[in-house]
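Here the structure comes first, spelled out in structure tokens, and everything after it is commentary.
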Protein chains: 2
Amino acid sequence: MDQLRALKYFTATAEAGNFSAAAKRFEVPASSISRRIADLEASLGAQLLTRTTRSVALTEVGRQYLQQVKGVLAQLEQCNKAVREYQTIPTGTLKISSMVGFGERMLIPILDEFATLYPDVLLEVVLSDELSKLGRDDVDIAIRGGFAPDERVVAIQLMDNQFVAAASALYLNKAGMPASTSDLKSHRGLYFKTPMGATPWWSEIQGQWQDVSAPSILTTNNGKWLVRKAIEGWGILMMPRWVLQPHFDKDELQELTFAEPLSITQNQDLGVYMLYQKLAYATPKVKAAVDFISARVKGRG
Amino acid sequence: MDQLRALKYFTATAEAGNFSAAAKRFEVPASSISRRIADLEASLGAQLLTRTTRSVALTEVGRQYLQQVKGVLAQLEQCNKAVREYQTIPTGTLKISSMVGFGERMLIPILDEFATLYPDVLLEVVLSDELSKLGRDDVDIAIRGGFAPDERVVAIQLMDNQFVAAASALYLNKAGMPASTSDLKSHRGLYFKTPMGATPWWSEIQGQWQDVSAPSILTTNNGKWLVRKAIEGWGILMMPRWVLQPHFDKDELQELTFAEPLSITQNQDLGVYMLYQKLAYATPKVKAAVDFISARVKGRG
DNA sequence: AAACTCTATTGTCTTAATAGCAATAAATGG
DNA sequence: CCATTTATTGCTATTAAGACAATAGAGTTT
């Protein structure tokens, strides 16, 4: 018995809810679907579907089996795909999902070079701060702050993503230079809003992490606007160093340094990570992109 | 192409190092192994093995593919095993639907023991006098008064469910003991209301079934309340013997016996039945529960 | 209530895939 | 150099799956 075929029929039927719809998808008669699944059930010694003459429904075992088997099928497909694409020149569509800020400032600029280097790779870049799933054929490469530990996902740290406080000279002249992190509370705050919520300012004062956020003047998920407002002297903001560095260089903003540690989280590990599936690395386009991005970004950052 | 078989051949060959050894393991000619793997390679568009006339060795892709695929095969085996195990050890969720009265008095008490006996079975008991469908994965076991004849449903009679008339001494002192069933009409009636309607009293007098119902004082679908009112002397009620027996024992109620047959239906067959689906592959959880319930209830009832 | 449609199943035939077997050619080991 | 092992190839037999038609049950519409 071709169990693999039976499994494909089974998953399709479970999704469709009846045999005939599944049969159409595979362009075979419904009787074939019925027979293959009956065979599968016989070989397992278990009833996977309860049938009426009008429709089919999963049994409890059927539901369990389906869920597990779907993962197996997906993985096998991945394996086949990896082999098929191996030993070929980088081609095809490469989907990259990145955080908005990083994408605009770091990724897009270097991808021009990548595109000329690998002209056969069609780039599809999605900038979003929402999470997107790897593996589900959703994206090939994801760039995120922090990473969820997963066996099949490789995480490469691109940069440390250290948040620093900054304000314009204009503002500092008006409001005065804060001497310590606890002074921040009497200033005006410009806040970056991530999908996980706003990013209050934390400082470790005498071994204790404390919220030292200034009253909010503006909260937005648009980094560029936030920076512009800071330059115009609206208040103090905290952003990753790699965002602010160009403005420091142009003297548009001044970095505020303190004796006490200052961060946007009590957890220090908020580096920028590039994530990709371990399996996918076998495909040339992914391998090329992963190697390219990590070389370029690490060289800069 | 049966990819699964090809993969099994491939992994065996890779482990053995040559086709003939793998062929022996599957008891097929070496030519079959050779052909299946060649097909697999063709479908993948990649060479997995380098062959000499004396032995075979993995290529770079082959090694990668082997490693990934071995995991997939193991997982699939795991899935199959899980299903087969499900068919041998009682596990999973067991849904039982029962009539309210029977459920409260007979079923729930014995299910404690069942739960300790089969700890892997998650019980889900629904007490309702409404009909519920077997088969649609709605319930695994249904307990009902009477049964609809259906080819795919097995019905086991648990008890005879004989209805008997009763009243308290208090009432009988006041109203007098009815000498025959036809006397009942001048008494006060407490009626049990099933989803099928009220339950008038029928008696077979001189070969003729007649309605001998007393005027109704109370009609309810709540058996416990009905019994309490009877004990308090409100009137005469008819309930299954297994409901009333404890009250007879405690002298709270007296059974009324007559020369003429008395019932709540002209059809005598109103036993309590346990119903379950007749499936090609019976699940252990259902079998265990059916056996357990019929043993315990028949022993008592 | 009756006609209709959609759906799963079953039987039979056809077609495609696989196993079995024998022959051949290449490589290894003595 | 010969004997042996091993992969491959051609051919046949066998088995499994698909195609098609017919049947029966379950909703749906009229």
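Labels below follow one simple rule: chain letters A, B, ... track the order of the sequence lines, proteins then strands, and each chain is numbered from 1.
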For this session: Determine whether A/Asn80 and B/Gln3 make a side-chain contact, defined as any pair of heavy atoms from C-beta on separated by less than 4.5 Å.
Result: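 Touching, per the 4.5 Å side-chain cut-off.
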Rounded off to whole Å, could you give me the [atom1]-to-[atom2] distance for the [X] and [N] pair?
X	N	atom1	atom2	answer
B/Phe19	C/dA19	CZ	C1'	16 Å
B/Glu41	D/dA7	CD	P	13 Å
A/Met1	C/dT18	CE	P	14 Å
B/Leu4	D/dA16	CG	P	16 Å
B/Asp39	C/dA16	CG	C1'	13 Å
B/Arg36	C/dA17	CZ	C1'	7 Å
B/Ile33	D/dT5	CD1	P	19 Å
A/Ile37	D/dG18	CD1	P	12 Å

For this session: Report which part of the nucleic acid B/Ser31 touches: base, sugar-phosphate, or nothing (heavy-atom distance under 4.0 Å, all strands).
Result: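 Here B/Ser31 touches the bases of the nucleic acid.
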Exercise. Ion pair present between A/Lys287 and A/Asp291, side-chain N to carboxylate O less than 4.0 angstrom?
Worked result: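 Yes.
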Exercise. Which word best sums up how the rings of B/Trp242 and B/Phe102 line up, parallel for under 30°, tilted for 30 to 60°, or perpendicular for over 60°?
Worked result: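 Perpendicular: the ring planes of B/Trp242 and B/Phe102 meet at over 60°.
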What's the spacing between [X] [atom1] and [Y] [atom2] if we round to 0.5 Å?
X	Y	atom1	atom2	answer
B/Ser263	B/Trp201	OG	CH2	12.5 Å
B/Met106	B/Arg296	CE	CZ	12.0 Å
B/Glu27	B/Ser32	CD	OG	12.5 Å

For this session: Would you tell me if any nitrogen or oxygen in the side chain of B/Arg51 comes within less than 4.0 Å of OP1 or OP2 on D/dT8?
Result: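 Yes, within the criterion.
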Problem set entry | Distance test, side-chain N/O of B/Arg35 to OP1/OP2 of C/dA17, below 4.0 Å |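 So the side-chain polar atoms of B/Arg35 never come under 4.0 Å of the phosphate oxygens OP1 or OP2 of C/dA17.
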Exercise. Counting side-chain heavy atoms from C-beta on, which of C/dG20, C/dA19, C/dT9 comes nearest to B/Tyr9?
Worked result: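 Comparing C/dG20, C/dA19, C/dT9 against the side chain of B/Tyr9, the answer is C/dA19.
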Exercise. Start at the 5' end of DNA chain C and walk down; is the nucleotide closest to A/Arg5 or to A/Ser20 reached first?
Worked result: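 First, find each residue's nearest nucleotide; the 5'-ward one identifies A/Ser20.
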Exercise. Going by atom types alone, do B/Ser203 and B/Glu260 pair a side-chain donor with an acceptor below 3.5 Å?
Worked result: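 B/Glu260 and B/Ser203 do not have a side-chain donor-acceptor pair below 3.5 Å.
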For this session: Would you give a per-nucleotide map of nucleotides 24-30 of chain C, 5' to 3', where B means the base has a protein non-hydrogen atom under 4.0 Å away, S means only the sugar-phosphate does, and - means neither?
Result: --BBS--
Exercise. Start at the 5' end of DNA chain D and walk down; is the nucleotide closest to B/Lys24 or to A/Pro29 reached first?
Worked result: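 Its nearest nucleotide lies further toward 5', so the answer is B/Lys24.
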